[in-house]
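Since the structure comes first, as structure tokens, the remarks are kept for the end.
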Number of protein chains: 2
Amino acid sequence: MGLTRSEIFTDEQNKLSTLLKAIAHPARIAILQRIIISNTCICGDLVGELGLAQATISQHLKELKTVGIIQGTIEGVSVCYCINPKTWKLLEDQLGAFLGSYKGETTCC
Amino acid sequence: MGLTRSEIFTDEQNKLSTLLKAIAHPARIAILQRIIISNTCICGDLVGELGLAQATISQHLKELKTVGIIQGTIEGVSVCYCINPKTWKLLEDQLGAFLGSYKGETTCC
DNA sequence: ATTTTATATCGCAATATTACGATGTTTGTT
DNA sequence: AACAAACATCGTAATATTGCGATATAAAAT
């Protein structure tokens, strides 16, 4: 016990939950918002702005990168992070389909 | 350490991450899909269908109820669960605004 | 070559999540 | 009243997450 029993769910359900889990943290939401807002690619700017330690930010970035939501390019000494359009679209589509499947008929309760 | 430092984030970021965390689990996605699909309100049907123990299902339902995504009405011996339209809309709006804020300009990386 | 700057990784402590058996509670049935 | 059915809650074990100091790594500047 203690670990999610992924075998009993569909690939879609597992995939969607993985993407959702990646963005289900205020720090990672803040990081993504910051990346989206600045048209120039930020990097360690986040450390000064978010109020979390450098190691913590780096770890959150890694999690976002692991599931493919962002991608990082080495730019001299620093690293340039940006949204991975493909994964972002996938998330929008999957989530849109899921959330949109409820039509709010209130046939119940 | 070990606990999210919510104080340093905005209420919107915290609220959204709370809602996202609630749906960021394959079992809870499956439960929500099942609730949406059946126009009649299911309850313990989930236990037989999902392959998780009754205590586990009940716990997942509680989590969804706690953040307000579903609501339960006692219906005799069983409990009728359904989507809370208000929270569902909130989630759609907040998430739509967040995901939609990225326009995929690829000005970067 | 050494130092500085920027980021990543390691290791750890605190806390949270997941899952489930066992037990409690509530309502309907006999 | 006693019993059964449907859920909820408790307690617990296994695992995951969060955060950070310390340390490693890699590129640029001196």
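As the structure is a prediction and not an experimental result, all values here were calculated from the model. Letters A, B, ... mirror the listed sequences (proteins, then strands); counts begin at 1.
A sub-4.0 Å separation between OP1 or OP2 of C/dC20 and a side-chain N or O of B/T56 is present. Remark: A/Y81 is not in phosphate contact with C/dA6, judged by side-chain N or O atoms under 4.0 Å from OP1 or OP2. Put simply, A/H60 has a side-chain N or O that comes within less than 4.0 Å of OP1 or OP2 on D/dG19.
When heavy atoms are screened at a 4.0 angstrom cut-off, B/A55 is found touching base atoms of the nucleic acid. Nucleic acid contact class of B/S78 (heavy atoms, under 4.0 Å, all strands): sugar-phosphate only. In this structure, A/V77 reaches the bases: a heavy-atom distance under 4.0 Å links it to at least one base atom across the strands shown. A/I74 comes within contact range of no nucleotide atom at all, as no heavy-atom separation falls under 4.0 Å.
At least one side-chain heavy atom of B/I23 sits under 4.5 Å from a side-chain heavy atom of B/L91.
A heavy-atom distance below 4.0 Å to DNA chain C is reached by these residues of residues 14-26 of chain B, ordered by number: B/K21, B/H25.
The aromatic rings of A/H60 and A/H25 sit tilted, their planes meeting at an angle between 30° and 60°.
A donor N or O paired with an acceptor N or O is not found under 3.5 Å between the base of C/dA8 and the side-chain atoms of A/Q59. Side chain B/Q54 to base D/dA8: a donor-acceptor pair is found below 3.5 Å.
When the P atom of C/dA19 is taken as reference, atom CG of B/L61 falls 13 Å away, rounded to whole Å.
Positionally, the nearest nucleotide of DNA chain C for A/S58 lies more toward the 5' end than for the other of A/S58 and B/L52.
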